[in-house]
Amino acid sequence: MNRWSKQLIPTLKESPQDAEIPSHQLMLRAGLIRKLGGGLYTFLPLGLKALRKVERIVREEMDRAGALEILMPALHPREVWERTGRYEVLRDVMFKIQDRQDRELVLGPTHEEIVTDLVAREISSYKQLPRNFYQIQTKFRDEIRPRFGLMRAKEFIMKDAYSFDVDSDAADVSYKAMYDAYVRIFERCGLRTKIVEADTGAMGGSSSHEFMVLADAGEDGLVECEDCPYAANLERAETGKLPPLVFDGAEEEVETVDTPGARTIAEVAEFFATSPARMIKTLVYVADDEPILVLAPGDRDINEIKLTRALGASELALADDAVIEQVTGAPVGFAGPIELSGVRMIADEKLRGCQGCITGANQADRHIKNVNQARDLPNLTFADLVFARDGDPCPRCGGTLRQKRGIEVGHVFKLGTKYSEKLGALYLDEHGKQHPAVMGCYGIGVTRTLQAVIEQSHDSDGIVWPSAIAPFQVEVLIITPKHGPSMEMGLELAAALESAGIDVLIDDRDERPGFKFKDADLLGLPVRLSVGEKSLARGVVEIRNRRTGESSDAVREEAVEKIRQML
RNA sequence: CGGGGCGUAGCGCAGUCUGGUAGCGCGGUAGCUUUGGGAGCUAUAGGUCGGGGGUUCAAAUCCCUCCGCCCCGACCA
């Protein structure tokens, strides 16, 4: 019997100062978590109960998909990370420590190296493949900026899985199995997710999908097509072809114009009394030590991931002022592609065929107008370099893309053989020939998923838990605990519910009814069963659905069955 | 790391500009009343005013410095 009076459920009437988004506020107010420091949280009994339910769903679906649960250490010797070169890549996100022998260890931010090392030692034959290993474990990342409670924490619980296959086709099958398992997991958690094409980032690999929970508080931008299933993370999203940008002055010769004080796109556009879209934004980047002139429409933002990819660069950064002046021969703010030689240029596709545009003259306080790409910049290299945005055409069907924000709760990657080659995860085929295993990796942010559920399912009164992961499914609220018959009836019903396999919390506190009702709404358990003197006098108890707010009376005998049907 | 904000009782805040007995609401404890949507009255406990240094007869308040937290940005699996 779980009695509130014996629990630790410290609810708060007011929202703590340092919580900004609804899910974070509610987790604190409903007594699920407490903060220890930035990005560090204690799970209180109720929060832990919900977390365990998410974990159980994840475990069941991973097992069902044939993955094998293991548990790897959170502490790793530095050398393992150096073997793949990722010590450098992830240097800044890893917590580093020394043991008493001054050996260097890191707290694991992820486990590709560790699991691949295991497979390298234990698997040697095609007969042992495919295999998929997973764990549910605490990860550590020295986040630049922890945020929003569990949404981005320094320490968080992740389910990570790693598949190993004989070849790429087989790996696709493993990938699909995980993809399908993820769909079921999030469905069972009561989450509506949007699956988007994603960038593989520091993970490497060929393709990946992210499972996003649409929410204004989400940290990731994404676009989805109104007319077809296309959806992608903004980091990756492409756009369909737009008509060439043609403005007034298209037929006229280029002309250099004095533009005193107009330096930014907005200032220049204002000077010419036109829109930023007419500007050819010219940025100087340095890619692997080589300066590059990057051109884009003035109202678009450069997507550095796309740019890096298009250039085939490994390092990319905006040039500093000195480099810009050296390349353009002018102060910052007046760069342009016209009559500039000796520097590599790349332009966004949307500038192809543009006419009547305005750009910098590579002279202080001067710009050039009537630029016609085909005539004035005939030898440009084009690539997709800018972020897609709301209203752009869909790259698949030409429909309209809508921009949204989302919380990334799951991510699946096809990794290829990057890790298996470097760490020697090789197997022998039936002809005795050695091959690296083809890998995939699959993550679910378990703690983040829990918070995402609340972000997606709450109202002005509190949390609205999906039944599957609610800390308890039913709250038996005894209105006047001092009234003997009420208490007896409450305990009896709670016992009956529990024998029916339903999790029950009994609010037996000696508090005013209104106070307890408010707390019940805040906690948001799916069903509230109120036992009070008045209704007992009529021989009934009250059953209320948290989500719909509908309530109805039930006699003792039918209460359990009625509740069971609501869950 | 850049920009902004904050740090005063468990929580939410006032007081800081203009130095002079540390406050309010909620919460806690005890009692009485109340009891179907965050009750009322009374009493009571609870503070290194984030830390350190300085100025001053006197510092929550002014100065220096450090720390922590939140937001925006950059960055990130």
Side-chain angles (χ1 to χ4, degrees), chain A residues 10-21 24-25 28-29 31 34-40 81 84 86 89-94 108-113 139-149 151-154 156 158 160 162 198-205 208-210 217 219-220 233 235 301 304-305 308 315-318 408-413 415 419 441-445 448 461-462 477-483 486 507 509-523 528-538 540-542 544 549 551 553:
Chain A
T11 56
L12 303 170
K13 184 159 34 171
E14 292 170 288
S15 196
Q17 175 62 45
D18 55 7
E20 196 87 348
I21 64 172
H24 186 197
Q25 292 174 343
L28 291 164
R29 288 189 54 209
R34 283 296 181 264
K35 182 169 75 176
L36 173 64
L40 303 170
W81 287 88
T84 57
R86 284 218 300 178
V89 179
L90 297 178
R91 175 192 285 276
D92 293 337
V93 287
M94 292 199 286
T110 176
H111 280 70
E112 283 75 22
E113 278 76 0
K139 303 284 190 236
F140 299 87
R141 294 182 186 178
D142 190 0
E143 292 289 348
I144 295 172
R145 181 144 94 90
R147 235 197 276 238
F148 302 148
M151 211 62 102
R152 179 166 291 264
K154 287 182 177 161
F156 60 97
M158 183 177 192
D160 46 327
Y162 307 88
D199 186 73
T200 53
M203 203 61 97
S208 79
H209 290 90
E210 286 169 339
E219 294 189 279
D220 288 280
N233 192 305
E235 291 177 346
D301 294 320
E304 294 188 358
I305 292 169
T308 306
E315 266 185 69
L316 180 83
L318 271 170
E408 179 191 349
V409 289
H411 201 157
V412 293
F413 296 84
L415 287 179
Y419 298 95
C441 75
Y442 317 94
I444 288 179
R448 181 185 282 183
D461 292 319
L477 191 157
I478 298 166
I479 290 171
T480 313
K482 281 187 283 198
H483 177 245
S486 292
D507 190 349
R509 293 175 301 170
D510 184 18
E511 295 285 355
R512 296 172 64 80
F515 184 89
K516 299 209 282 189
F517 287 137
K518 286 290 186 189
D519 260 357
D521 289 342
L522 178 59
L523 251 57
R528 186 186 81 197
L529 193 166
S530 308
V531 183
E533 214 170 332
K534 288 182 188 168
S535 44
L536 275 188
R538 290 186 288 123
V540 296
V541 293
E542 185 210 41
R544 186 167 190 267
S551 62
D553 289 341

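From a predicted model like this one, the values you see are computed outputs, not experimental measurements. Sequence lines set the chain letters: A, B, ... in the order given, protein chains first and strands last, and positions in each chain run from 1.
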Would you indicate which nucleotide in [options] comes nearest to any side-chain atom of [X]?
X      : options             : answer
A/R544 : B/U34, B/G37, B/G36 : B/G37
A/E20  : B/U34, B/G37, B/C71 : B/C71
A/R152 : B/A74, B/C76, B/U35 : B/C76

Using purine N1 to pyrimidine N3 plus N6-O4 or O6-N4 for Watson-Crick, or N1-O2 and O6-N3 for G-U wobble, both under 3.5 Å, which nucleotide pairs with [N]?
N     : value
B/C1  : B/G73
B/C6  : B/G68
B/U35 : none
B/G47 : none
B/G25 : B/C11
B/A59 : none

Within the 4.0 Å heavy-atom criterion, would you say [X] contacts the bases, only the backbone, or no part of the nucleic acid?
X      : result
A/Y442 : nothing
A/E219 : nothing
A/R29  : base
A/D519 : base
A/K35  : sugar-phosphate
A/G532 : base

Rounded to whole angstrom, note down the [atom1] distance from [N] over to [M].
N     : M     : atom1 : answer
B/U21 : B/G38 : P     : 40 Å
B/G20 : B/G15 : C1'   : 14 Å
B/G51 : B/C69 : C1'   : 15 Å
B/G37 : B/U29 : P     : 23 Å
B/G50 : B/U8  : C1'   : 10 Å
B/C76 : B/U18 : P     : 46 Å
B/A22 : B/G4  : C1'   : 29 Å
B/C26 : B/A39 : P     : 11 Å

What is the distance, rounded to the nearest whole Å, between atom [atom1] of [X] and atom [atom2] of [N]?
X      : N     : atom1 : atom2 : value
A/R145 : B/C75 : CZ    : C1'   : 11 Å
A/L40  : B/G68 : CG    : P     : 12 Å
A/M158 : B/C76 : CE    : C1'   : 13 Å
A/M151 : B/C71 : CE    : P     : 11 Å
A/F413 : B/C76 : CZ    : C1'   : 12 Å
A/D507 : B/G37 : CG    : C1'   : 13 Å
A/F140 : B/C76 : CZ    : P     : 23 Å
A/R448 : B/C76 : CZ    : C1'   : 11 Å

| Between A/R147 and A/G37, which has a closest nucleotide on RNA chain B that is more 5'? | A/G37

| remark: Judged by nearest nucleotide, the residue sitting upstream toward the 5' end of RNA chain B, A/R528 or A/E210, is A/R528

| message | Can you see whether A/H483 engages A/S486 through a side-chain donor-acceptor pair at a distance of less than 3.5 angstrom? | response | yes

| query | Does any donor atom in the side chain of A/E533 or A/T480 lie under 3.5 Å from an acceptor atom in the other side chain? | reply | no

| field | Spacing of A/H111 atom NE2 and A/M158 atom CE [to the nearest 0.5 Å] | value | 10.0 Å

Measure from the side-chain N and O atoms of [X] to the backbone N and O of [Y], and report whether any donor-acceptor pair falls under 3.5 Å.
X      : Y      : answer
A/R34  : A/P10  : yes
A/R29  : A/L12  : yes
A/R448 : A/E408 : yes

Using a cut-off of under 3.5 Å, enumerate the N/O to N/O pairs linking the protein to nucleotides 9-13 of chain B.
| residue | atom | partner | partner atom | Å |
| --- | --- | --- | --- | --- |
| B/G12 | OP1 | A/Q17 | N | 2.7 |
| B/C13 | OP1 | A/Q17 | OE1 | 2.7 |
| B/C13 | OP2 | A/Q17 | OE1 | 2.5 |

| task | Can you check whether any acceptor in the base of B/G38 is under 3.5 Å from a donor in the side chain of A/E511, or vice versa? | result | no

| said: Check this for me: does the side-chain of A/S535 come within 3.5 Å of the base of B/G36 through a donor and an acceptor? | reply: yes

| remark: Looking only at heavy atoms, the pair that brings A/P109 and A/L90 closest together is CG-CD1, 4.4 Å

